[in-house]
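A short worksheet on the structure shown next.
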Amino acid sequence: MADPLKIGIAGLGTVGASTIRLLDRRANALAASCGRAVTVTAVSARSRTRDRGLPMERFRWFDDPVELARDPGIDVFVELMGGEEGAAHEAVKAALDAGKPVVTANKALLARHGVDLARRAEKAGVALNFEAAVAGGVPIIKTLREALIGNNIDRVYGILNGTCNYILTKMEAEGLSFDACLKEAQRLGYAEADPTFDIGGFDTAHKLALLTSLAFGTQVNADAIHVEGIERITTEDLLAADELGYRVKLLGVATRSEAGVEQRVHPTMVPKSTPIAQVNGVTNAVAVDADAVPELTLVGPGAGGEATASAVIGDIADIARGQAGAPFGRKTSDLEPLPAAAMQAHKGGYYVRLSVADRPGAAAGIATRMAERGISLESIVQKHRGGKVYGGDDPSKVAGAVPVILITYATTEADIRGAVDAMVADGYIVETPQLIRIERE
């Protein structure tokens, strides 16, 4: 059997500690599968005295993760610190420049510096593996990079943030407000004290940037992603979606068309009949539309110590076997600049919730503004439920307003935005309109 593969881990939080435990638990199986033992020999973290439930005396300790990355006593550097700059960035660069393979779960780092880091790995002839950076234990990176290499991919999309999916699921199931569900998510540890990165859609955007590159062979470009969060979703929107045959999910979507590659993150109405509509709680899901495999959906735990550690160890095992493919599926010189499609050109159906002034001419004015933009309506909904007007967050606050829900046939972002802006300018709308895109099957 070959010499043991010596691992250095920077970052001993939930994922780092779980990685060590899982490596211990699977030591014999890993050795048999890889043809060599895999052992953690050195670590680095912010606190040396914190109780992690691990026998820390087994490992050489480094206060500086960059020193660990360069240490000749390790064969592989595993970065689990997080952050797109600072110590994580410097340590990964140091490891690659020293000719050491790197495994990371850091989607923010890769979304910002992925191409540069891939170029360094390519120059050194070593692996840069990041299965754990997207959807935790769901093996979507290897699926796109390896299993679907014989396919031409048209679209990749999914639920990539468990915090948002938990909040939307709980709002729908229990009829609770966004704020109440966010507080519960924080209590359970699903949401951070400052949840902006998750609920604002930015975490999903970082992951989508990586999936886009793998799916379409383009350079990573997180700045080209249109991002909206879930903060403005109300229980009324979820109730309307349910009655209309949809569920609301925060999706990251990358689509290739003649206009280019469209990348977008936003709340989306998805038909209840689709697999992704059935994914609830903190679970993640990624769907791929390709030519040879038209419908493929992977579902599983998107976070958590063991699920993410499982992905980390899968990447380590590849290195132990001597596998070192291109990080983004092709040489960096072959990655094409992202031909970003403008969000205004996006075409699809829309859910539009309006609080309309109850005065003569308002309905006709709305119809006129829609017609001017060539927008056809699939349905118009206005009704009462349990003594309350259905369609507004709290209609009692807007005296004389009539809640109206419109479902459009396919139209462009520019046209629907233009029509709604014209209605607001006309004085027909008395609250900020709610627009949610519809992702058809």
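Count residues from 1 along the sequence.
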Could you state the interatomic distance from [atom1] ([X]) to [atom2] ([Y]), rounded to the nearest 0.5 Å?
X: L23; Y: I7; atom1: CG; atom2: CD1; value: 7.0 Å
X: E79; Y: L110; atom1: CD; atom2: CG; value: 8.5 Å
X: S18; Y: L80; atom1: OG; atom2: CG; value: 10.0 Å
X: L298; Y: T143; atom1: CG; atom2: OG1; value: 5.0 Å
X: T408; Y: I380; atom1: OG1; atom2: CD1; value: 11.5 Å
X: S376; Y: E378; atom1: OG; atom2: CD; value: 10.5 Å

Counting only heavy atoms not in [X] (residues, nucleotides, ligands), do more than 12 fall under 6.0 Å from its [atom1]?
X: E295; atom1: CD; answer: no
X: K347; atom1: NZ; answer: no
X: K93; atom1: NZ; answer: yes
X: N28; atom1: CG; answer: no
X: R46; atom1: CZ; answer: no
X: E90; atom1: CD; answer: yes

NZ/NE/NH1/NH2 to OD/OE distance under 4.0 Å, [X] and [Y]:
X: E174; Y: K170; value: yes
X: D421; Y: R417; value: no
X: R155; Y: E262; value: no
X: E172; Y: K249; value: no
X: E413; Y: R437; value: yes
X: D24; Y: R21; value: no
X: D242; Y: R247; value: no
X: D415; Y: R369; value: no

*Begin with the C-alpha distance, continue with both residues' side-chain angles, and end with the deciding distance and a verdict on side chain to side chain contact (heavy atoms under 4.5 Å, CB included) for L406 and M370.*
CA-CA 11 Å; L406 311 175; M370 288 290 196; 3.3 Å; yes

Which pair of heavy atoms, one from [X] and one from [Y], lies closest together, and at what distance?
X: A357; Y: G427; answer: CB-O, 4.1 Å
X: G136; Y: T308; answer: CA-OG1, 4.1 Å
X: S33; Y: R321; answer: OG-NH2, 2.7 Å
X: V248; Y: P267; answer: CG1-CB, 4.2 Å
X: W61; Y: L12; answer: CZ3-CD1, 4.1 Å
X: L354; Y: P433; answer: CD2-CB, 3.8 Å

So, do [X] and [Y] sit near enough that their side-chain heavy atoms are less than 4.5 Å apart?
X: L210; Y: F328; result: yes
X: V261; Y: T255; result: no
X: P403; Y: V356; result: no
X: L250; Y: N165; result: no
X: M171; Y: L238; result: yes
X: L176; Y: T235; result: no
X: M269; Y: Y350; result: no
X: D237; Y: Y351; result: yes

Do the side-chain N and O atoms of [X] and [Y] include a donor-acceptor pair separated by under 3.5 angstrom?
X: D179; Y: S177; result: no
X: H226; Y: Q263; result: no
X: T204; Y: H206; result: no
X: N161; Y: D198; result: yes

*asked:* Applying the side chain to side chain contact (heavy atoms under 4.5 Å, CB included) criterion to Y157, which one of V270, L208, V265, D289 satisfies it?
replied: D289

Is the backbone N or O of [Y] less than 3.5 Å from a side-chain atom of [X], with the two atoms forming a donor-acceptor pair by type?
X: D315; Y: V103; value: no
X: K207; Y: L160; value: yes
X: T163; Y: Y190; value: yes
X: N106; Y: G83; value: yes
X: S44; Y: A10; value: no
X: N151; Y: I153; value: no

*Before giving the answer on side chain to side chain contact (heavy atoms under 4.5 Å, CB included), spell out for S47 and R52 the whole-Å C-alpha distance, their side-chain angles and the decisive distance to 0.1 Å.*
CA-CA 10 Å; S47 172; R52 298 176 174 88; 4.2 Å; yes

*Pair L338-Q219, side chain to side chain contact (heavy atoms under 4.5 Å, CB included): steps then yes or no*: CA-CA 6 Å; L338 183 81; Q219 295 175 7; 5.7 Å; no

*Please lay out, stage by stage, how E184 and Y166 fare under the test side chain to side chain contact (heavy atoms under 4.5 Å, CB included).*
CA-CA 10 Å; E184 179 67 6; Y166 172 83; 3.2 Å; yes

*Cation-pi check, R145 to F130: give yes when NZ or CZ is under 6.0 Å from the six-membered ring centre and within 45° of the ring axis, no otherwise.*
yes

*asked:* Below 30° counts as parallel, above 60° as perpendicular, anything between as tilted: where do the rings of H89 and H113 land?
replied: parallel

